[in-house]
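Report on one structure; see the data block that follows.
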Protein chains: 2
Amino acid sequence: MKAKVYVKLKNGVLDPQGQTILSSMQRMGYDFASDVRMGKFFEIEVKDDSCKADLEKIAQSMLANPIIEEYSIEFGE
Amino acid sequence: MKAKVYVKLKNGVLDPQGQTILSSMQRMGYDFASDVRMGKFFEIEVKDDSCKADLEKIAQSMLANPIIEEYSIEFGE
């Protein structure tokens, strides 16, 4: 199965990449969006969901910067 | 509501960042993972899901590189 870790900037933290994409969309004539935030995710192939606690540690120490980013973990597939 | 566009490398395309994370996890003693793939996502604030066709164009032309990446679009929240 797959564990998915989603990492994104906390609300309130400026996201220049997202802002650039929003500006580009508007310049291209797409005006349906009011905000764009960018994030990253990790698809991790695992045997079962018993690794959740370990994944939390990995997310905090390696995948996300907990000062400015938040993460969530999902299991699926 | 939010449109979410997930972009990841196609299967078969090498993912050095994912491989580095996998190696680091193993070096730290976490051996439950057999593969790590990294991707990015975009949370786009929209009024409704009528923008799906436009989003497809934006994903193809701006958010993903269709030669090596694939994308999926979800609406939620």
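Quick caveat: nothing in here was measured; it's all calculated off a predicted structure. Residue numbers begin at 1 in each chain, while the letters A, B, ... track the order of the sequences.
The hydrophobic cluster analysis finds A:L14 isolated: no Ile, Leu, Val, Met, Phe, Trp or Tyr side chain comes under 4.5 Å of it, directly or through other members.
Heavy-atom distances place the side chain of A:I58, and not its backbone, under 4.5 Å from chain B. For chain A, no part of B:L22 is nearby; none of its heavy atoms comes within less than 4.5 Å. Proximity to chain B is limited to the backbone of A:V7, based on heavy atoms less than 4.5 angstrom apart. Interface residue A:M25: backbone and side-chain heavy atoms are both found under 4.5 Å from chain B.
Put simply, A:M38 and B:M38 are part of two different groups of oily side chains (I, L, V, M, F, W, Y) that touch within less than 4.5 Å, one to the next. Hydrophobic clustering (ILVMFWY, side-chain heavy atoms < 4.5 Å, transitive): A:V13 and A:F41 are in distinct clusters.
Between B:L9 atom CG and B:I68 atom CD1 the span is 5.5 Å, to the nearest 0.5 Å.
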Pairs table: donor-acceptor atoms between chain A and chain B closer than 3.5 Å:
{"residue": "A:K8", "atom": "NZ", "partner": "B:E43", "partner atom": "OE1", "Å": "3.4"}
{"residue": "A:K8", "atom": "NZ", "partner": "B:E43", "partner atom": "OE2", "Å": "3.1"}
{"residue": "A:S34", "atom": "N", "partner": "B:E45", "partner atom": "O", "Å": "2.9"}
{"residue": "A:D35", "atom": "O", "partner": "B:E45", "partner atom": "N", "Å": "2.8"}
{"residue": "A:R37", "atom": "N", "partner": "B:E43", "partner atom": "O", "Å": "2.9"}
{"residue": "A:R37", "atom": "O", "partner": "B:E43", "partner atom": "N", "Å": "2.7"}
{"residue": "A:G39", "atom": "N", "partner": "B:F41", "partner atom": "O", "Å": "2.8"}
{"residue": "A:G39", "atom": "O", "partner": "B:F41", "partner atom": "N", "Å": "2.8"}
{"residue": "A:F41", "atom": "N", "partner": "B:G39", "partner atom": "O", "Å": "2.9"}
{"residue": "A:F41", "atom": "O", "partner": "B:G39", "partner atom": "N", "Å": "2.8"}
{"residue": "A:E43", "atom": "N", "partner": "B:R37", "partner atom": "O", "Å": "2.7"}
{"residue": "A:E43", "atom": "O", "partner": "B:R37", "partner atom": "N", "Å": "2.9"}
{"residue": "A:E43", "atom": "OE1", "partner": "B:K8", "partner atom": "NZ", "Å": "3.4"}
{"residue": "A:E43", "atom": "OE2", "partner": "B:K8", "partner atom": "NZ", "Å": "3.1"}
{"residue": "A:E45", "atom": "N", "partner": "B:D35", "partner atom": "O", "Å": "2.8"}
{"residue": "A:E45", "atom": "O", "partner": "B:S34", "partner atom": "N", "Å": "2.9"}

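When side chains are defined from C-beta on, A:I21 counts as touching B:F42, because their heavy atoms get closer than 4.5 Å.
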*Can B:F75 and B:I44 be said to form a side chain to side chain contact (heavy atoms under 4.5 Å, CB included), step by step?*
CA-CA 9 Å; B:F75 288 90; B:I44 304 172; over 6 Å; no

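B:A3 approaches B:V46 most closely through the heavy-atom pair N-CG2, 4.1 Å.
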